[in-house]
Amino acid sequence: MTSRLFKTGTGKYIILLFTAGVFVVPLYMTLITAIKDPKDINLLTVWIPPGYININGFIEAIYKLGPNFKNSLILTVSATIISSLIGSINGYIFSKKRFPGSDIVFMFFIFGMFIPYEIILIPLFQMTKQLGLYGSIWGLVLAHVVYGIPIVTLLFRNYYDQIDNSILESAVIDGAGFVSLFYRIFLPLSIPCFVVVGIWQFTQIWNEFLWGVCLTKQESNPITVGLAKLAGGEAVKWNEPMAGAIIASLPVIFIFIVAGKYFIRGLLSGSIKE
Amino acid sequence: MKIKKDYIISIVVILPSVILLGIFVYGFILNTVFVSLTDWGKGAGLKINPVINFVGFANYSDLFTSIIWQRFRQDMVNAVFYWLFILSGSLILGFFLAVLLDRYPRGESFFRTLFLYPFALSFIVTGTIWRWLFAPNGGFNVLPTLIKLPRIEFLWMSSRTSILNFNWQDIPLIITVFISLILFFVILRLIILKKNEIKLIIYSILFIIFFISFFIELFFAPPMINLKEMHGFNLASIGIIIAAVWQYSGYTMALYLAGLRGLPVSLYEAAKIDGASDMKFYLKIAIPNLWPITLSAIIIISHISLKIFALIFAMAGTDNAGTSHPSVLMYLTTFRANNFAFGASIAVLLLILSSLFTIPYLIYLYKQRTK
């Protein structure tokens, strides 16, 4: 790639730095507001960093969002693990064990990824009530697992499509059955894909809001709903929601920085790798 | 026999997922469609056994014509504008960022991470932050004062000004004109290219039908609603559009960057030999070659623009009609007013809107796969 030997001129660097500046503005504003004393947040000094660091915003936000954070953690981790496992099995079938009509069935799966979730909200609400899951975090886990099936299946299928069929054939000759083929050969091979899918699902579920606000009660609200409540209302002390926004995005930002490569791979293979 | 046994195992393994999606996607969609055709306890949706009367398409016709549902019509108009601006904004800015980074400038990975990080955030986080930036007495409005300029007085989320206003009455007319124009250009192109006469005849007939119906609508059609009802683009939604573009252009950048770097080097070399400038290369050669990427970006961003509920919730709240969206109204109608029947009708209309672009896309993908 570097063989192209392109030059990037000074003008381009100026544009690049300017654009980068624009992208940093919200981040800068969040950080300086979060560490301000509420009485210092006024019209004249919004853009100026505070003279001293006041961590009360963070203390308040941690106190208020702590339970939500815990709920989201339970929800996200369990739903991510369950849906990744389902996805790997489905992807294996749709890629390596196709049956007559499997491509059409696959399209019926994928359609589930593209619906606006309002369309299933009312029956979902009624069903979680009937199952006794309404208001608890487990109703949300169920929703995220089921509606996560299309995307995880797609990601795993695309991944298995790249694995050469010759591995499959030689294993069959060695006498490996359907199940042992999957567990002994495909599961170990698909660890990179589990990382990609896991990161993707974690981010999506952590960030989800609509179901959180419609299907849970106060005590089981996920972090997004908690933050929306913290920031809602008219007379807010702005240091709290800003600190809350930082806390609510810590896990995803952490993942993004540590495993950004896999995150990008997930979003690319979810869209153009067909 | 061996192969048949394999099929059976495959089907058995896939069956639980098929059943789950069958119920939770298709069953639930049918259920919502059914609810939308009833009156579902008339605002007492939470009752254990609501009185249910079948009302046909009455809810839908109310949404489009009754005085009470004026907000729904504005929300539909808002949805179109949100879609249009978020889509074009993210595509253009994303492509621009990709071009900036394409040639590995110094610090490329840093800039790439910077442009992409908003995409990892929740709409609620983004919304909270941008709500502060667009607060009437904060953020951007006082930015000019830093260099001693007068502050901006714009009410980013609560402005009542709207532009591009049109009468709701004219919608069928506008749609007819729009389709006629498209048909006209398609016919023109077919004539110029001089191919496929059957297509030409079909399109011409369609064009004549639309052209005649234009005059019928203009002079004879009964009015859809009795009053003149103006709708337009609310300036209050600009703030939300900016926040959404900020969040999603990193994503389109990543798509385009992967695409640009996947282009064969020979393409660039050929352009260079022809004496094409950088600008020309990107506009005339890269963009047409990246069409499949643009297509999937259009689908994904369009889908996201329908999911804008959380961003609006966090930035402007649900009661702000100027920035509203059908999904916000669906939430209010269903869960605040307990009016399940109308909530379901709005949801069905949202599904139809999104299916307009997802179903052709899925068919396209299916054809590619089986090719």
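On a predicted model such as this, the values are computed, not experimentally measured, just so you know. Chain letters run A, B, ... following the sequence lines, proteins first and then strands; every chain starts at 1.
- The backbone N or O of A:K97 sits less than 3.5 Å from a side-chain atom of B:S10, completing a donor-acceptor pair.
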Quiz: residues 116-123 of chain B side-chain donor-acceptor pairs under 3.5 angstrom, not counting sequence neighbours:
residue, atom, partner, partner atom, Å
B:Y117, OH, A:F23, O, 3.4
B:S122, OG, A:N207, O, 3.2
B:S122, OG, B:I124, N, 3.0

**Request:** Determine, stepwise, if the pair A:L16 / B:R106 fulfils side chain to side chain contact (heavy atoms under 4.5 Å, CB included).
**Result:** CA-CA 11 Å; A:L16 194 58; B:R106 225 166 282 172; over 6 Å; no
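- Per-residue heavy-atom pair counts under 4.5 Å with chain A were compared for B:N31, B:I29, B:L20, B:I14, and the maximum is reached by B:I14.
- When the candidates B:F357, B:F115, B:F313, B:Y331 are compared by the number of heavy-atom contacts under 4.5 Å with chain A, B:F115 comes out ahead.
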**Request:** Take A:F256 and B:T113 through the test side chain to side chain contact (heavy atoms under 4.5 Å, CB included) and record every step on the way to the result.
**Result:** CA-CA 9 Å; A:F256 184 69; B:T113 313; 3.5 Å; yes
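- When side chains are defined from C-beta on, A:E118 does not count as touching B:I346, because their heavy atoms never get closer than 4.5 Å.
- Heavy-atom distances place the side chain of B:F96, and not its backbone, under 4.5 Å from chain A.
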**Asked** Is there a side chain to side chain contact (heavy atoms under 4.5 Å, CB included) between B:V18 and A:F108 once you walk through the steps?
**Response** CA-CA 9 Å; B:V18 173; A:F108 276 95; over 6 Å; no
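- Of the listed residues B:L350, B:L101, B:L353, B:I359, the one with more heavy-atom pairs under 4.5 angstrom with chain A than any other is B:L350.
- Put simply, of B:L306, B:V33, B:L133, the one with the most heavy-atom pairs under 4.5 Å next to chain A is B:L133.
- With a 4.5 angstrom heavy-atom cutoff, B:S302 does not touch chain A via any of its atoms.
- Between chain B and the residues A:L17, A:L121, A:I89, the largest count of heavy-atom pairs under 4.5 Å involves A:L121.
- When B:L93, B:I129, B:V25 are compared by the number of non-hydrogen pairs under 4.5 Å with chain A, B:I129 comes out ahead.
- Contact of B:A314 with chain A is not made at all, since no heavy-atom distance falls under 4.5 Å.
- Side-chain N or O atoms of B:R131 include one that pairs as donor or acceptor with a backbone N or O of A:A231 at under 3.5 Å.
- With hydrogens and angles ignored, the 3.5 Å screen pairs no side-chain donor or acceptor of B:T128 with any backbone N or O of A:A245.
- The most heavy-atom pairs under 4.5 Å with chain B, out of A:A143, A:G244, A:P116, come from A:P116.
- In this structure, B:F24 and A:I120 have side chains that are not in contact, with every pair of non-hydrogen atoms separated by 4.5 Å or more.
- In terms of heavy-atom pairs under 4.5 Å with chain B, the best-connected choice from A:V105, A:V213, A:V225, A:I86 is A:V213.
- Looking at heavy atoms from C-beta onward, B:F340 lies in side-chain contact with A:Q126 at the 4.5 angstrom threshold.
- Applying the ring-ring contact (aromatic ring centres under 6.0 Å, His included) criterion to A:F109, with sequence neighbours excluded, gives A:F94.
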**Message:** Under the criterion side chain to side chain contact (heavy atoms under 4.5 Å, CB included), I'd like the reasoning laid out for A:Y117 against B:K307: C-alpha separation, chi angles, the key distance, then a yes or no.
**Reply:** CA-CA 8 Å; A:Y117 288 124; B:K307 277 189 176 176; 3.7 Å; yes
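- Below 30°, between 30° and 60°, or above 60°: for B:W132 and A:W238 the angle between ring planes is below 30°, a parallel geometry.
- Of the listed residues (A:V252, A:L124, A:T203, A:I255), the one with the most heavy-atom contacts under 4.5 Å to chain B is A:L124.
- Contact of the A:I115 side chain with the B:S354 side chain is not registered, since no non-hydrogen atoms from C-beta on lie closer than 4.5 Å.
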